[in-house]
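In what follows, chains carry the letters A, B, and so on, assigned in the order in which the sequence lines appear, proteins first and then strands, with residues in each chain numbered from 1.
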Amino acid sequence: MPEGNEVHRWAERHTAAFAGRKLNILPGPNHRFSDAHLVDGKKLLKVHAVGKHLGYEFPGELYLHVHLGRFGDFTEGCGPLPEPKGLLRAVMQRAGSGRPSRSQKGQPHNLTCAHDDGTQPFPPEDVDWWELRGPTDCSVYDAAKWQALLDRLGPDPLAHEPDGHDDPKRAFDKILAKKTSIGELLMDQSIIAGIGNIYRAELLFRHRVNPFTPGNEMPLNRLKAIWKDAIPLLKAGMIDRRIVCTDRKDRPSKKALAERGEEHYVYRRHGKPCFVCGETILRKDVAGRTLYWCPKDQQTTAAENESALKPGISLKSSRVKPKRL
DNA sequence: GCCTTATGCTCAC
DNA sequence: TGAGCCTAAGGCT
């Protein structure tokens, strides 16, 4: 269920837990992940993260590609594996593990990576296995296929490696050449990799940008500001697992730690008052995804506001004929 | 228990 | 452009 920040966090954590070790890769019970045998028993070199994609690199230029999609998630643990949950399952386990670890204390762990408050249940060195459920993809790529994936992704605000995926100019050029709305372009992974629906909505609000603005009408300095803001914003989400996009001064509680319901300015706050101006937040189904915005702070037109979903109308019924902007 | 929604993406037409 | 895929939580009856 992650955006790019979460994917990078998993990559760092799984590198710390498993890199340099021989691993057992187990397919799910329904053999959906039939590639497991290609990397089973091999030593993991590194875990790469680009945009929302994970690549577990093994000798022979093989990459176990994982894309979590909207529903995928990892569970980590020490000691014995839990019973399988769900049909789509893959497991990565330290070869020969099952050993009692110091965290195990006689009981199997079946914990997600972090608690809600951001604390880790146990450090990566105590992680013996991860279980993956419900991903969009879990398959082995060769070097050419992995490179093709990298080539079609835009720059990633969280990219560490100087391979072109940290240079935003490519993204700016593409946006400025298109008439498509900035709200749609920010979600396009070939333009910027790693931005999802939450950060799309929150970044546009934070920079007071009308989400319906055509890309070619976006001021370059505004695009640069969004990119610059995205880096710490995504990193903050990566640290405490909660995605918090509000500044302390704008939160009703004024507390340093956002309270429940204060994490976002507009995302999933439709029908509620804007923290900044008090106007009611609107939402609209755009190309199959829900866009949220503040009609006052983001200066949308009367026609754009009129197109918003009325309270009480379900998204499902509105998606009979989703309109592209 | 049912319905809706959800941080995503691919493919066929 | 629409269908399809997959899991989980929350609201409602």
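Scored by the salt bridge (charged side-chain N to carboxylate O under 4.0 Å, His left out) test, A:D247 finds A:R206 as partners (sequence neighbours excluded). For A:Y141, the ring-ring contact (aromatic ring centres under 6.0 Å, His included) test picks out A:H65, with sequence neighbours left out. Residues forming a salt bridge (charged side-chain N to carboxylate O under 4.0 Å, His left out) with A:D142 (at least two apart in sequence, or on another chain): none. For the salt bridge (charged side-chain N to carboxylate O under 4.0 Å, His left out) test, residues two or more places apart in sequence or in another chain that qualify with A:E263 are A:R242. Residues passing the ring-ring contact (aromatic ring centres under 6.0 Å, His included) test with A:H264 are A:Y267, sequence neighbours excluded.
Rounded to whole Å, atom P of B:dT7 lies 11 Å from atom CG of A:L291. If you take NZ of A:K52 and C1' of B:dA6, they are 13 Å apart, rounded to a whole angstrom. To the nearest angstrom, C1' of B:dT10 lies 13 Å from CZ of A:R70. B:dT10 atom C1' lies 15 Å from atom CE of A:M187, rounded to whole Å. A:L68 has its CG atom 12 Å from the C1' atom of C:dT7, to the nearest Å. As rounded to whole Å, 10 Å separates atom P of B:dT7 from atom CZ of A:F71. Following rounding to the nearest Å, A:I198 (CD1) and B:dA6 (P) show an atom-to-atom distance of 11 Å. One can place CG of A:L309 at 14 Å from P of B:dT4, the figure rounded to the nearest angstrom.
A distance of about 15 Å separates the P atoms of C:dC5 and B:dC13, rounded to the whole Å. Atom name C1', nucleotides C:dA8 and B:dT10: the rounded distance is 22 Å, in whole Å.
With B:dG8, C:dA8, B:dA6 as the choices, the nucleotide that has an atom nearest any side-chain atom of A:R268 turns out to be B:dA6. Nearest nucleotide to the side chain of A:R152, out of C:dT7, B:dG8, B:dT10: B:dT10. For A:R283, the side-chain atoms get nearest to B:dA6 when compared with the rest of B:dA6, B:dT7, B:dC9.
Side-chain N/O atoms of A:Y199 include none lying less than 4.0 angstrom from OP1 or OP2 on B:dT7. The side chain of A:Y292 contributes an N or O atom lying less than 4.0 Å from OP1 or OP2 of B:dA6. Residue A:T290 has a polar side-chain atom (N or O) positioned under 4.0 Å from OP1 or OP2 of B:dA6.
Here A:R200 lies out of heavy-atom contact (under 4.0 Å) with every strand.
Between A:L223 and A:I182, the closest side-chain pair of non-hydrogen atoms falls below 4.5 Å.
With pairs defined as Watson-Crick or G-U wobble and both atom distances under 3.5 Å, the stems of at least three pairs that touch DNA chain C come out as B:1-6 with C:7-12, B:8-12 with C:1-5.
Salt-bridge annotation for A:E76 and A:R13: present, with a side-chain N of the basic residue lying under 4.0 Å from a carboxylate O of the acidic one.
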